[in-house]
Amino acid sequence: MRAVLVLAHTGRRDAVDAAVTVAQNLHSAGLRPVMLAHDLEAITAAVSDQLAAVNVAVADREVALADCEIGMVLGGDGSILRAAHRVRNARLPLMGVNLGHVGFLAESERTQLDESVQWVIQQNYTVEQRMTLDVQVWQADQHLGSSWALNEASIEKASRQRMIELVIEIDGAPVSAFGCDGVVMATPTGSTAYAFSAGGPVVWPEVQALVMVPISAHALFARPLVVDPDSVMGVELLPRGEEQGILWCDGSRSMELPLGARVEVTRSETSVLLARVHQTPFSQRLVDKFNLPTTGWRGPVEASNTLPSMEGGEEV
């Protein structure tokens, strides 16, 4: 039996109701819905016996994550990031149904819930690979820990009272030192998230690059940097500072950074898989998600409408 993982923001009633609807529709189509144990417990507690007639399997107990063909994520971008953390090593593609606000990572909106289920049932989607980051933390020769991120790894001050003093580095060469509120190191996927809010550039998902964006830096040169995807981005907390830092990965996993700590960020060999149905250009997604004004746009000029050149009669 084909298995589909259903992941929902169980703290939201609309996501719980959506999860019940998805599970029921999958069951009716002959597919087996699968849920994480704690998600199933929370949803069952919220909806009583609505799942009683649905043969929901418990992930990694009755059905392995790797045996699911796709994961449907019901929530916002935060829910998709948490789902990616859960299934990344299982190489499971994720299809997001946006129940939040912007929903940049989602493939559909809440009004398309039934359509999304049909796309899964009919396997009417393609799979897109998204770059992720490997994050390593050191102090002198001691390895303090490691993590990964789909959107970004951010180094921030631990309290509001003071700035953190740090040095940014690319490929083993220092670029600048300054006091700031932090630094964001992002993938193209994360360029529309925290890095964007900090003043970084929007990078198309197809572009292979890494982004480093200082946050509120007190420096003459503190511009966003776009670097080679195989570069090593480094940040060192200067021991002369008085403020310790904290490392956040995708805004959900954190690690304290003592003075003198060093964070190295590189492209990971393990990507995150996103299921796509719409072939909407990324520029159109920007317009739709940010409600950008495009009034007055006329579009490309047809070749037949071009005027002849003044020299030799050639078109210009």
Side-chain angles (χ1 to χ4, degrees), residues 1-29 31-121 125 147-151 189 193-194 248-254 272-275:
M1 182 179 292
R2 293 169 57 198
V4 175
L5 182 65
V6 181
L7 299 138
H9 188 320
T10 56
R12 298 178 49 161
R13 182 61 197 225
D14 57 347
V16 169
D17 292 339
V20 172
T21 298
V22 168
Q24 291 172 338
N25 290 348
L26 291 172
H27 176 74
S28 298
L31 281 67
R32 190 171 191 187
V34 180
M35 294 184 183
L36 302 177
H38 56 80
D39 283 359
L40 182 57
E41 291 173 4
I43 292 172
T44 301
V47 301
S48 187
D49 60 349
Q50 291 186 37
L51 288 178
V54 180
N55 186 24
V56 178
V58 178
D60 285 334
R61 187 183 304 166
E62 299 171 86
V63 175
L65 287 178
D67 291 334
C68 297
E69 63 182 50
I70 192 173
M72 293 191 68
V73 187
L74 312 170
D77 280 346
S79 298
I80 297 176
L81 291 172
R82 288 188 291 273
H85 179 66
R86 187 66 180 82
V87 308
R88 176 178 178 237
N89 290 331
R91 308 302 295 150
L92 183 66
L94 296 173
M95 178 183 291
V97 180
N98 181 37
L99 305 179
H101 299 290
V102 178
F104 239 104
L105 295 174
E107 185 61 13
S108 60
E109 302 297 323
R110 67 181 71 221
T111 56
Q112 298 174 294
L113 182 62
D114 290 338
E115 286 180 79
S116 301
V117 176
Q118 289 303 310
W119 295 332
V120 169
I121 292 171
Y125 57 84
S147 189
W148 74 278
L150 170 58
N151 268 359
T189 299
Y194 194 2
W248 286 95
C249 291
D250 285 338
S252 61
R253 303 180 301 281
S254 65
V272 163
L273 306 180
L274 297 181

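Residues take their numbers from the sequence shown, with the count starting at 1.
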(request) Calculate, to the nearest 0.5 Å, the distance between atoms OG1 and CD belonging to T10 and E41 respectively. (result) 10.5 Å
(message) If I compare all heavy atoms of L65 with all of D60, which pair ends up nearest, and what's the gap?
(response) N-OD1, 3.3 Å
(message) Going by the rule salt bridge (Lys or Arg N to Asp or Glu O under 4.0 Å), which residues pair with E69 if we only count those two or more places apart in sequence or in a different chain?
(response) R2
(request) Enter the distance from L5:CG to M95:CE here, rounded to the nearest 0.5 Å. (result) 13.0 Å
(request) Of all the heavy-atom pairs spanning L51 and M35, show the shortest one and how long it is. (result) CD1-CE, 4.4 Å
(request) Please name all residues satisfying side-chain hydrogen bond (donor to acceptor under 3.5 Å, both in side chains) with D77, sequence neighbours left out, ordered by chain then number. (result) none
(message) Just so I know, are the side chains of L273 and V87 near enough to count as touching, which here means a heavy-atom distance under 4.5 Å?
(response) no
(request) Compare all side-chain heavy atoms of T21 with those of D114 and state whether any distance is below 4.5 angstrom. (result) yes
(message) Suppose we screen for side chain to side chain contact (heavy atoms under 4.5 Å, CB included). Which residues come up paired with R32, at least two apart in sequence or across chains?
(response) M1, N55, A57, E62, V63
(request) Might you point out which heavy atoms bring A8 and A19 nearest each other, and give the distance in Å? (result) CB-CB, 3.9 Å
(request) Mind listing the closest non-hydrogen atom pair of I70 and L92 along with its distance? (result) N-CD1, 3.4 Å
(request) Compare all side-chain heavy atoms of Y125 with those of E107 and state whether any distance is below 4.5 angstrom. (result) no
(message) Between P33 and V54, is there a side-chain heavy-atom distance shorter than 4.5 Å?
(response) yes
(message) Going by side chain to side chain contact (heavy atoms under 4.5 Å, CB included), name the residues that satisfy it together with V16, two or more places apart in sequence or in a different chain.
(response) I43, A46, V47
(message) Keeping D250 on the side-chain end and N151 on the backbone end, is there a donor-acceptor pair under 3.5 Å?
(response) yes
(request) Under the salt bridge (Lys or Arg N to Asp or Glu O under 4.0 Å) rule, collect the residues that match up with R82, sequence neighbours excluded. (result) none
(message) Nearest 0.5 angstrom please: Q118 CD to L113 CG, how far?
(response) 10.5 Å
(message) Which residues pass the salt bridge (Lys or Arg N to Asp or Glu O under 4.0 Å) test with D14, not counting sequence neighbours?
(response) R12, R110
(request) Could you tell me which residues satisfy side chain to side chain contact (heavy atoms under 4.5 Å, CB included) with A83, sequence neighbours excluded, listed by chain and number? (result) L7, V73, L94
(message) For R61 versus A37, what's the shortest heavy-atom pair and its separation?
(response) NH2-CB, 3.8 Å
(request) State the NE2-CD1 distance between H85 and I80, to the nearest 0.5 angstrom. (result) 16.0 Å
(request) Would you check if H9 and L99 make a side-chain contact, meaning some heavy-atom pair closer than 4.5 Å? (result) no
(message) Applying side-chain hydrogen bond (donor to acceptor under 3.5 Å, both in side chains), can you list everything that pairs with S108, at least two apart in sequence or on another chain?
(response) S116
(message) Using the side-chain hydrogen bond (donor to acceptor under 3.5 Å, both in side chains) criterion, which residues pair with D39? Sequence neighbours excluded.
(response) none
(request) Only counting residues at least two apart or in another chain, list the ones meeting side chain to side chain contact (heavy atoms under 4.5 Å, CB included) with S28. (result) none
(request) Keeping the roles fixed (side chain from Q24, backbone from Q50), state whether a donor-acceptor pair exists under 3.5 Å. (result) yes
(message) With a 4.5 Å cut-off on side-chain heavy atoms, are W148 and V272 touching?
(response) yes
(request) Can you see which heavy atom on L74 is nearest to which on A18, and at what distance? (result) CD1-C, 3.6 Å
(message) Restricting to salt bridge (Lys or Arg N to Asp or Glu O under 4.0 Å), what partner residues turn up for R91, sequence neighbours left out?
(response) none
(message) Applying side-chain hydrogen bond (donor to acceptor under 3.5 Å, both in side chains), can you list everything that pairs with E109, at least two apart in sequence or on another chain?
(response) N98, K289
